[in-house]
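Here's the structure we're looking at; comments come further down.
All residue numbers refer to positions in the sequence shown, counting from 1. These figures come from a predicted structure and were not determined experimentally.
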Amino acid sequence: MISFSTLIGITAGIGLFIMAIISSTDNYMMFISLASAMMVIGSTFAASLISFSFLEVMHAIKAMFQTLAASRTTQGHLRDLVKRFVEFSRIYRDGGISALEDSLTKQEKKDEFLALGLELMGSGYKQSDIRVIMGDAMDSHWQRQSLEGKILNTMGVYAPGFGMVGTIVGLIIMLDNMGDDMANLGKGLALALITTLYGVLLANLLFKPTAAQVTEKQEQEYFRNQLITDGFVLLAEKKDALVMQDRLNAYVKPTKRFTIVEANE
C-alpha cells in the first residue's frame, strides 16, 4: 500500500521546483548536468561508506525507498490488533496454545514479533519473563533500525557540502579556461552552481525528509510492539476478553477504540 502523504509531498516538491524553472526561463536544459549529479551522489555515497559499513548504508537506502509504503501502525491497525487479542483470549481459554497457533493467519505467521510472543507462550514462560524477553527484543530491534535514520540524516549533511565542492571545482575549471574571453563567465558560473543546487535539493527534498519518516515509522512500530507485548502478557495471565479490551485500548485513540459490544452487534 502506498503512503499518499509521502507521494503528495514528493510530487508537490518536484512539481513546484519545475514550475519555478518553467516560469523563469526557456532554457530548461541548463539545469541538467550528469557530471554534477554524479559528483554529488557519488561523493555522498562514498563519504557514507567511510562513516558506516556497506550493508548499513544499503539498508538505509532501502528504507528510504520504503517510505513510499504506508505505515502498518495507523490507529486502524492498532484497533485491529486489540480486536485480534480479544479473540486470542477466547481461543486460548477454550483450546490452549495449539488452538492459538492454528488461529493465526498467513500474514500473522510472517510477523516476527507476533511469532516471538507465540513461541514464548508455547514454551511455558511466565508473564514476567515474556515481558522481559519481548522488551529486550523490542529495544534491540529499535537500536538496529534507528541507525537507518541516522545514516540518511548524515547523507543529508554530506550532500550540500559536496555540492559546494563541485561548484568550487567548476569555478576553477571555468576560470582556467576563460582566458581573455569574458563572455562565457555567466554561462560557466551558472553551470558551476548546479552542483550546489543538486546537493541542497537532495538534502532537503530526499535525505532529510525520508530520514524523518523512517524514524517516525520506527517509533510507530515500537509503539505497536509494546501493544503486542502487553497482549501476550495478558494472555499468559489468562485475563478475560473484557480485561484484554480495556487494557489494550489504552494504546488507541478514544474515537478508534474497539469494544466487544460493538463487535457482537
Side-chain angles (χ1 to χ4, degrees), residues 2-3 5-14 16-18 31-73 112-113 116 134-174 189-226:
I2 296 176
S3 172
S5 62
T6 304
L7 189 60
I8 291 172
I10 293 175
T11 303
I14 296 175
L16 289 171
F17 175 69
I18 293 175
F31 289 94
I32 299 175
S33 173
L34 181 60
S36 297
M38 289 176 61
M39 176 170 285
V40 174
I41 296 173
S43 298
T44 299
F45 183 72
S48 300
L49 291 179
I50 296 173
S51 303
F52 307 96
S53 72
F54 178 79
L55 285 178
E56 289 168 346
V57 174
M58 290 296 100
H59 287 152
I61 293 174
K62 180 181 178 181
M64 179 178 68
F65 287 108
Q66 287 176 340
T67 57
L68 283 173
S71 172
R72 62 173 181 173
T73 321
E112 293 181 359
F113 207 68
L116 172 62
M134 294 190 73
D136 290 344
M138 190 166 55
D139 290 339
S140 61
H141 182 66
W142 160 262
Q143 290 174 1
R144 288 194 302 269
Q145 283 196 322
S146 63
L147 186 60
E148 296 170 355
K150 182 179 178 181
I151 292 173
L152 291 174
N153 263 320
T154 302
M155 294 175 79
V157 172
Y158 288 154
F162 284 114
M164 184 60 69
V165 170
T167 294
I168 294 172
V169 171
L171 287 174
I172 292 172
I173 295 173
M174 180 194 71
L189 182 60
L191 185 62
L193 289 173
I194 289 178
T195 51
T196 296
L197 174 65
Y198 285 176
V200 172
L201 281 176
L202 283 173
N204 294 287
L205 199 58
L206 183 62
F207 294 135
K208 290 183 178 180
T210 53
Q213 188 170 98
V214 165
T215 301
E216 181 187 4
K217 284 187 175 182
Q218 290 163 358
E219 290 172 349
Q220 290 173 347
E221 185 175 1
Y222 190 89
F223 190 73
R224 169 187 179 272
N225 289 344
Q226 284 181 315

Under the rule for side chain to side chain donor-acceptor pair (under 3.5 Å), what residues qualify as partners of [X], not counting sequence neighbours?
X	value
Ser43	none
Asn204	none
Tyr158	Ser51

side-chain contact (heavy atoms from CB on, under 4.5 Å) against Gln226, all qualifying residues, sequence neighbours excluded: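 Once residues adjacent in sequence are excluded, the partners of Gln226 under the side-chain contact (heavy atoms from CB on, under 4.5 Å) criterion are Met138, Tyr222, Phe223, Tyr251.
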Pairing residues for Leu197 by the side-chain contact (heavy atoms from CB on, under 4.5 Å) criterion, not counting sequence neighbours: Phe17, Phe31, Leu201
How close do [X] and [Y] get, heavy atom to heavy atom, and via which atoms?
X	Y	value
Ser33	Ile194	CB-CG2, 4.1 Å
Met64	Val214	N-CG2, 4.5 Å
Ala47	Phe162	CB-CE1, 3.6 Å
Thr195	Thr167	OG1-N, 2.8 Å
Pro209	Ala203	CD-O, 3.7 Å
Phe207	Thr210	O-OG1, 3.0 Å

Is there a side-chain contact between [X] and [Y], using heavy atoms and a 4.5 Å cut-off?
X	Y	value
Trp142	Glu221	no
Leu116	Glu112	no
Leu147	Phe52	yes
Lys208	Leu152	no

Side-chain donor or acceptor of Lys217 paired with backbone N/O of Ala63 under 3.5 Å: no
Main-chain N/O of Gln218 paired with Gln145 side-chain donor or acceptor, under 3.5 Å: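 Not a single qualifying donor-acceptor pair exists.
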Verdict with reasoning, Leu202 to Val40, per side chain to side chain contact (heavy atoms under 4.5 Å, CB included): CA-CA 9 Å; Leu202 283 173; Val40 174; 3.6 Å; yes
Distance-only criterion, 3.5 Å: show the donor-acceptor pairs between side-chain atoms of residues 53-60 and protein atoms not counting sequence neighbours.
{"from": "Ser53", "atom 1": "OG", "to": "Glu56", "atom 2": "N", "distance (Å)": "3.3"}
{"from": "Ser53", "atom 1": "OG", "to": "Glu56", "atom 2": "OE1", "distance (Å)": "3.2"}
{"from": "Glu56", "atom 1": "OE1", "to": "Ser53", "atom 2": "N", "distance (Å)": "3.1"}
{"from": "His59", "atom 1": "ND1", "to": "Leu55", "atom 2": "O", "distance (Å)": "3.3"}

Distance, nearest 0.5 Å, that separates CD of Glu148 from CG of Asn153: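 One finds 12.5 Å between CD of Glu148 and CG of Asn153.
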